[in-house]
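What's counted below: heavy atoms across the whole structure, side chains too, no hydrogens, waters or symmetry copies.
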Amino acid sequence: MEKYELLYQEAIKLELMSVSEAKEFQNNLRKMLSFCDFNISNDIKILGLDVSYKNNLSKASAVVFSLKDKEIIQTSVSRCAVRFPYIPGFLAFREVKPLIAAMRDITVDFDVVMVDGQGIAHPRRAGLACHIGYILKKPTFGCAKSRLFGKELGELGPKKGSFVALVDKNETIGAVLRTQDNVSPVYVSVGNMINLTNAIEITLKCSFSRIPEPLKIADKLSKIMAEV
DNA sequence: GCGACAG
DNA sequence: ATCTTGTCGC
């Protein structure tokens, strides 16, 4: 059986859930997550995941980026019928299955997963990156282009690398991070098996423009797929 | 009731 | 996310 077949079967269950079932699933998921240290070396490989849409079809892409060589070493894609609507807070039930399907042809090893969306910066601490990280059992974090939940603690500096905490009550749930001088920030939050400091460092190491390279390439690839 | 709201 | 032209700014 193929490497991701069992995970795909699990992913199918998500898009068949009702919103109330989805909410309950997330409240259970949050208890299953762990946020440990991740050792960042100079030659880690990062899996970038993104989804595009066209005519009620989702086009997902998975790309493996080598931090040492600064290049993509493998890509894989999927095309699926959309089965779950976009509802803020429930993106995982729309995108996890296409994303797992997109990994079908990934055969090289990767160390960490970067997802286009939130991790625990979510009302129930269970964003898309948490679902992916829990299913894959790999260090995973989210890097989103806009905010879903939480408030910024303080003023963000203009230089690359500056960040402020994204908080809810007294809890830090993510970071608003500047990936280049004078560009709008991205929203980084952990998904599973990694801590926020690691996630910020990895994001900065692979950012050569506003959007970190693994997501930039994954976005480009999924959009090309969407046109076909 | 009102405003906010990943992709 | 997607629909969409030109255009302001570095």
Next item on the list: Enumerate the residue pairs fulfilling salt bridge (Lys or Arg N to Asp or Glu O under 4.0 Å) with a member in residues 119-139 of chain A, sequence neighbours excluded, ordered by first and then second residue.
Entry: A:Arg125-A:Asp168, A:Arg125-A:Glu171

Margin query: Can you confirm whether more than 12 heavy atoms, excluding those of A:Phe38, are under 6.0 Å from its CZ atom?
Written below: yes

Next item on the list: May I ask you to decide if the ring planes of A:Phe93 and A:Phe84 are parallel, tilted or perpendicular, using 30° and 60° as cut-offs?
Entry: tilted

Notebook entry, point to check: For the pair made of NZ in A:Lys151 and P in B:dA6, what is the distance, rounded to whole Å?
Noted result: 19 Å

Kindly list each side-chain donor-acceptor pair under 3.5 angstrom involving residues 150-161 of chain A, sequence neighbours excluded, with atom names and distances?
residue	atom	partner	partner atom	Å
A:Lys159	NZ	A:Asp181	OD2	3.1
A:Lys160	NZ	A:Ser207	O	3.1

Notebook entry, point to check: Given atom CD1 of A:Ile120 and atom C1' of B:dA6, what is their separation to the nearest angstrom?
Noted result: 15 Å

Check: Any chain of hydrophobic side-chain contacts (each under 4.5 Å) joining A:Phe208 to A:Phe163?
Finding: yes

Write down the protein N/O and nucleotide N/O pairs, taken from nucleotides 3-5 of chain B, whose separation is under 3.5 Å; answer none if there are no such pairs.
residue	atom	partner	partner atom	Å
B:dA4	O3'	A:Arg147	NH2	3.4
B:dC5	OP1	A:Arg147	NH2	2.6

Notebook entry, point to check: Taking only residues two or more places apart in sequence, or in another chain, which ones meet A:Ser76 in a side-chain hydrogen bond (donor to acceptor under 3.5 Å, both in side chains)?
Noted result: none

Item checked: Residues which pass salt bridge (Lys or Arg N to Asp or Glu O under 4.0 Å) with A:Lys23, listed by chain and number, not counting sequence neighbours -> none

Margin query: Distance check needed: B:dA6 C1' versus A:Arg125 CZ, whole Å only.
Written below: 15 Å

Next item on the list: Both distances under 3.5 Å, Watson-Crick or G-U wobble: on that basis, could you give the dot-bracket string for DNA chain B, with [ ] for crossing pairs and | for other-strand partners?
Entry: .......

Item checked: Atom-pair distance (NE2 on A:His122; P on B:dA6), nearest Å -> 11 Å

Check: NA contact type, A:Phe90, heavy-atom cut-off 4.0 Å: base, sugar-phosphate, or nothing?
Finding: base

Next item on the list: Whole angstrom is fine here: how far is it from CD1 in A:Ile211 over to P in B:dA6?
Entry: 15 Å

Margin query: Without decimals, in angstroms, what is the distance between A:Gln26 CD and B:dA6 C1'?
Written below: 12 Å

Notebook entry, point to check: Between C:dG9 atom P and A:Arg210 atom CZ, what is the distance in whole Å?
Noted result: 20 Å

Item checked: Listed partners of A:Ser34 passing side chain to side chain contact (heavy atoms under 4.5 Å, CB included), at least two apart -> A:Asn192, A:Met193

Check: Quick one: side chain to side chain contact (heavy atoms under 4.5 Å, CB included) partners of A:Glu201, sequence neighbours excluded?
Finding: A:Ile40, A:Lys205

Next item on the list: Map every base of DNA chain C to its dot-bracket character, where paired means a Watson-Crick or G-U wobble contact with both distances under 3.5 Å and | marks a partner outside the strand.
Entry: ..........

Margin query: With heavy-atom distances below 4.5 Å as the criterion, would you say the side chains of A:Asp116 and A:Val51 are in contact?
Written below: no

Next item on the list: Look at the side-chain N and O atoms of A:Ser52 and state whether any lies under 4.0 Å from the OP1 or OP2 oxygen of B:dG7.
Entry: no

Notebook entry, point to check: Heavy atoms under 4.0 Å, any strand shown: does A:Asn182 hit a base, just sugar-phosphate, or nothing?
Noted result: nothing

Notebook entry, point to check: Can you tell me how far P of C:dA1 sits from CG of A:Asn55, to the nearest Å?
Noted result: 17 Å

Check: Is the CD atom of A:Gln9 crowded by more than 12 outside heavy atoms at less than 6.0 Å?
Finding: yes

Sub-3.5 Å pairs of nitrogen or oxygen atoms, protein against nucleotides 3-6 of chain C:
residue	atom	partner	partner atom	Å
C:dC3	OP1	A:Lys54	NZ	3.0

Next item on the list: Under the side chain to side chain contact (heavy atoms under 4.5 Å, CB included) rule, collect the residues that match up with A:Arg79, sequence neighbours excluded.
Entry: A:Leu57, A:Lys59, A:Val228

Checklist line | Closest to the A:Glu95 side chain, choosing from B:dA6, B:dG7, C:dA1 | finding: B:dG7

Pairs under 3.5 angstrom only: tabulate donor-acceptor contacts from the side chains of residues 98-112 of chain A to other protein residues two or more places apart or in another chain.
residue	atom	partner	partner atom	Å
A:Thr107	OG1	A:Gln74	NE2	2.9
A:Asp111	OD2	A:Lys45	N	2.6

Check: What is the nucleic acid contact for A:Gly142, judged by heavy atoms within less than 4.0 Å: base, sugar-phosphate only, or nothing?
Finding: nothing

Checklist line | Heavy atoms from other residues, nucleotides or ligands near CG of A:Asp69 exceed 12 (cutoff 6.0 Å) | finding: yes

Checklist line | Phosphate OP1/OP2 of C:dA1 contacted by A:Lys59 side-chain N/O (<4.0 Å) | finding: no

